[in-house]
S.K.: 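Quick one: structure below, then a few questions.
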Amino acid sequence: MEKCWQEKGNYHTCYSGAINTNRHKIKMEFSPIILSSLSLLSLLFAAIVVPLVISSQRLLIAISFSLTAVASLLAVAAGCWVVGSGLINKLILPLGLPNLPFHLRLDPLSGFFLTVIGLLGFFVSIYSIGYVKGFLGKRSVTPLVIFYSLFMASMFLVVLADDAFFFLISWEVMALASYFLVMFEDEKTENRRAAFLYLVVAHVGAIAILLSFGVMAGLATGFETFNGYTFDAMREAKFSSGWATVAFFLAFFGFAAKAGVVPLHVWLPEAHPVAPSNVSALMSGVMLKTAIYGIIRITFDLIHVFPWWWGAIVLFLGLISTVMGVLYALMQHDLKRLLAYHSVENIGIILIGIGLAMIFTSFNLPILAALALIAGLYHTLNHAMFKGLLFMGAGAVLHATKERNMEEMGGLIHKMPWTAALFLIGCISISALPPFNGFVSEWLTFQAFLLTPALPNALLNLLIPLGAALLALAAALAAACFVKAYGVTFLGHWRGHHNPPSAPPFMKGGKGGVEVDWFMRIGMILPAIACLGLGVFPTFFIQWMDIIPEQLLGSKIAASAGAFGWMWLTPVSHERASYSGFIVFLGILSVVAVVYLLLHTRRTAVRRAPIWDCGFGKLTNRMQYTATSFSMPIRRIFGFLFNIKEQVRITPPVPPFNKGGGGGLHYHLRVRDRFWNLFYQPVADASFWVSRQFGRLQQGRIHIYLVYSFITIIVLLVFLR
Amino acid sequence: MTTSLAAQINSVLAALILLTAFGLLVQRRIYGLLHLFAWQGLFLSISTALVGYAAGSHHLYISSILTLALKVILLPYILHALIVRLQIRKEIEAVVNVPTTMLIGIALVIFSYHLTAPIMELSTLVTRSTLAVALATVMLGLLMMITRRHAVTQIIGFLALENGLFFAATSATYGMPLVVELGVALDILIAAFVFGIFFFQIRTTFESLDVNQMAKLKEED
Amino acid sequence: MKTYPLITEILQIVAVLILAPIFIGWIRMVKCWLQGRTSAGLFQPLRDIIKLFYKEVVLAENASWIFRFTPYLVFGVSVLAAAIIPILSTDLSLALTADAIVLVALFAIARFFTALAGMDIGTAFGGMGSSREMMIASLSEPAMLMAIFTVSLVAQSTSLAQIALVIGHGPFILRPSLAFALLAFVLIAIAENGRIPVDNPATHLELTMIHEAMILEYSGRHLALIEWASMMKLFLFASLGIVAFFPWGIGEGSLKDIPIAFVLLIAKLFIAGIVLVLIETGLAKMRIFRVPEFLGSAFLFATLGMLSYFILE
């Protein structure tokens, strides 16, 4: 890898030696940042022009989502290009306020996130062509189309922005666009409440980020000039450790609120389930990642010198999010809410990687820091793929059954074979099972954990392994959770009180008649392939993205990671640890094939018979294990972490018994987030109290208001004399 | 036997003492507790003899034999007799559940390592690394006295705590002067007798050895 | 590619395939002797498997492809694991495929599919088995990771071949950390393989069964594959323990080592079987909500191992 950037604080566009002249000429007309601007323009076109021109709703869906798909692909191309070449591109837009132009910058870190967002955006846009048709005839899809394109554009802008001003504008547009998307089905109270909660948390977070930028800008250039708002100025500034801490924790708070880090996660399981599924896929898959981007950008790029205990706090919060996220997910029986809680878990895993990278960096162990950062970034990419896939699958199920409650599902594998198979791939990936992608990044995180004995701090040496154990617990619980989710939704018999699902009009026939159409299938097939590809060939992708730690931390792992050939992933050295997803995949596949062929050399009979069940014989669908019963053992063991209310109501039988007079047994379970009562209820109560106090000012009589004005004027005159 | 081998064996014994301390923390049956306590005494006695051999300080042999006699044979025997006399058979109730107690215990071990790390830097003895274990044993004994409800388990916790102190003395300074050790041993013995008398008193007053009953002594508001 | 590692590889897979049922036979034999019963002989499990392969497959009406695919996958995973663990020699052509953590994850994918198969038919038994299996797995995983962590502190590696080399060749040092890790590993192996006191492998009609509940609906060759795979799993856990804690005698670079390694392996398994039987005979099956305490103590041992490495060594 050629060295193609300069020392910190002296960034400029630069190229690698061998292809220097050649590339330089191309750059004049065409560079990654031009490519990404093209993508942005087409998104804006899709958001503003297309809905004005096209009146047919059906055509609008097809054209605008094709446009967003193309725009996403352009962004992926720009991102891949910039990460692959290590270029740093800059652009100053003559927009914005006078003397405060917008700065854009595309470096490998932005490029990586651009790729992640674009890739999932591409898949989801294809999926949306099929999915959004489901709303036809029920409501106008125009707002969905407009805000969807705006949402995509703002996410791209967030990772491209190179000054605090533009960053915050993009951040706000992103929050508002997603707010309107969550509100899309606004006739339901549930949706309005969730969207409002989301808006509140997003804005509290945004204020913190604004303050953080304020602190950094003020320290960078002082408050006399206003040039400190560019990221370049912040990079060059030397912060005193006290102010740096203030800036970091303000920003971390703001980004954590967006990412859904425990205890700031409460909006997430409310907002994600009620949004349209394609939007939940984007929100969970990539919008949360913009917060991760923000954390990495501020920590490693803007502040870049920090004490180890920042990293320890990030690591600790990551671990808490991981474990609490998966435990709360286990308690859910709403499919999309379960997935939303898993986003909390996965954000936690990413933060573990970042936290470890921070600790390693502050102890000056750059290679290990690079490993941990790569683990976190790789999990960012992986989570985007499988969580997008899972939300799309959940959307397919939702539209086939009109049901989010898993307890009302079952046996869908027979009705929706495609969705079932693709959802299974998502489940395996998120449960961190080889050979799929989720495992690779968790394995890298474990490797980073296993290298912590190198830290010269005895207390950390003893405490960090316990964190590794927590991560192992979370990984295993995630597997349990997805056995539950998949088993209850797709396997067994139909559990619902209602009849089995009938085919909604938008779904084409197929066996059983409820499978989704080909747009949605392709939208899910592509991320499924990505999940497998990222799991089987991790070395390629890790070598590709290795430029990011090289620029941020000054060290990379590719020299060791791919040292043993592309098949083996060997972080640090092959004597330390190695993994080959390719051989695992091929090995299992070939043994399965050989055994299958050996056993089928002669015609062997398979007889279909009624269920045996130890000869019980009176089995009904209502006797199956449900989501609630499946998670009962874990609910009992970890019960102290939840706010559980369990009720059994018995109604005695009344004669005549044979005509519906038999007694009933009703089980009621309510599991609530403890954090709600711990943190949010007091804040909500306090703000109500404050509002009531202010409410006293309002008397409704005009002369009292005049008195207020009069007093204000007097006070002002006294002080401003 | 070389010094390094002695140090190795000593750390194995330290590990075993730590293990028995955790065992005391989680064991439910009262006879199991007694056995664990006796084992802990045995490991302590062997360790003391070993340190005496390695350091060449022969008065430690006497301490070792004293430990063996007192903590492996006499005290368990007395407690056993007490249990039989008092007819305690039930499993012992813990105030905090077992996994939580374990986690607190692990945290205590880490904490005591953190506390003793500066001392270990200064020391040059081969046994210095066991100081953290000794401190952890003291803390675990105290934790046991906090988490258990039964009076008999509290005295076992107290005795385990004393084991930890003794172990700390041998590992940090190759033992206290013999006179002090003899005095401590006598104290322990007397304490055990006093506890025995108290058990009978508590039981005749409250008809139970659950120390929670003593909450009745609190004056009503 | 050198031919020697490939030959060892094939030898080892064949050895595991055949020795695994015999190892189970040995355990059952010792158990019979201890309980004063007449044993069915060393080769009975092997005969059972062969018999099952010739039986007809009876599938439930609503069994999906997951139910039919699971036995093949579980078996495939076991064979792959048998190719990775350095049982006969550390110089295997696939040894680099997986380290200890990947190996744990390989067993996890087999478990994932078995649990799904348990839920596929829609019986109460299957769901119960899946639910409990996943609960036990999630509690044993942290303990397992902690044990791996402790071993990797000593060996400076999670690669199994490297662990065997470092511990087998290093100077003999009494290590409390490894002793604790071994203790934790035994408890985890008992839980993962569904042995007494966590699960009873000998029951077929009990409300307490876990593994058997999940595979209740299997028959014929499917059942044969699953049974064979679970025998291999126990065998592989035993050899994993041997690799990490008693690696002396595992072959290294030439074919000449293999016979000695083989004989030593048999001897070690002979002892491992007896130890397992002693544990199983001495303990009674515990109720399901005692299992967290059982696995909690496994976690405690593993953590003590890690702590004592830093404190005492």
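Just so it is clear: chains get the letters A, B, ... in the order the sequence lines come, proteins before strands, and each one is counted from 1.
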S.K.: Is the distance between the ring centroids of B:Y31 and B:H80 under 6.0 Å?
M.R.: yes

S.K.: Which of residues 100-111 of chain B have a heavy atom under 4.5 Å from any heavy atom of chain C?
M.R.: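 When heavy atoms of chain C are the reference, residues 100-111 of chain B contributes B:M102, B:L103, B:I106, B:V109, B:I110 within the under-4.5 Å range.
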
S.K.: Quick check for you: among B:L19, B:L131, B:V26, which has the greatest number of heavy-atom pairs under 4.5 Å with chain C?
M.R.: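 Looking at each option in turn, the highest pair count goes to B:L19.
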
S.K.: Given C:E280 and C:K285, is the salt bridge (Lys or Arg N to Asp or Glu O under 4.0 Å) satisfied, shown in steps?
M.R.: CA-CA 9 Å; C:E280 286 203 302; C:K285 192 185 167 309; over 6 Å; no

S.K.: Measure distances from C:L304 to the heavy atoms of chain B and classify the residue's part below 4.5 Å as side chain, backbone, both or neither.
M.R.: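 Only the side chain of C:L304 comes within 4.5 Å of chain B.
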
S.K.: Name all residues meeting the side-chain hydrogen bond (donor to acceptor under 3.5 Å, both in side chains) criterion together with C:T158; count only those two or more places apart in sequence or in a different chain, and write none if there are none.
M.R.: C:D99

S.K.: Considering residues at least two apart in sequence or located in another chain, which fulfil the side-chain contact (heavy atoms from CB on, under 4.5 Å) criterion with C:V104?
M.R.: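 Checked C:V104 against side-chain contact (heavy atoms from CB on, under 4.5 Å); matches are C:E141, C:M144, C:I148.
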
S.K.: Can you tell me if C:F310 has over 12 outside heavy atoms packed within less than 6.0 Å of its CZ?
M.R.: yes

S.K.: Which class fits the ring pair C:F301 and C:F180: parallel under 30°, tilted 30 to 60°, perpendicular over 60°?
M.R.: parallel

S.K.: Can you tell me which residue pairs pass the ring pair (Phe, Tyr, Trp, His ring centres under 6.0 Å) test with a partner in residues 266-297 of chain C, sequence neighbours excluded?
M.R.: C:W26-C:F270

S.K.: Checking B:V98 against chain C: side chain, backbone, both or neither under 4.5 Å from a heavy atom?
M.R.: side chain

S.K.: May I ask you to check whether C:K233 and C:N193 show a side-chain donor-acceptor distance below 3.5 Å?
M.R.: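 Checked: C:K233/C:N193 side chains show no N/O donor-acceptor pair below 3.5 Å.
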
S.K.: What part of C:L174 gets closer than 4.5 Å to chain B, counting heavy atoms only: side chain, backbone, both or neither?
M.R.: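 It is both, since atoms from each part get that close.
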
S.K.: Please classify the contact of C:S177 with chain B as side chain, backbone, both or neither, using a heavy-atom distance under 4.5 Å.
M.R.: neither

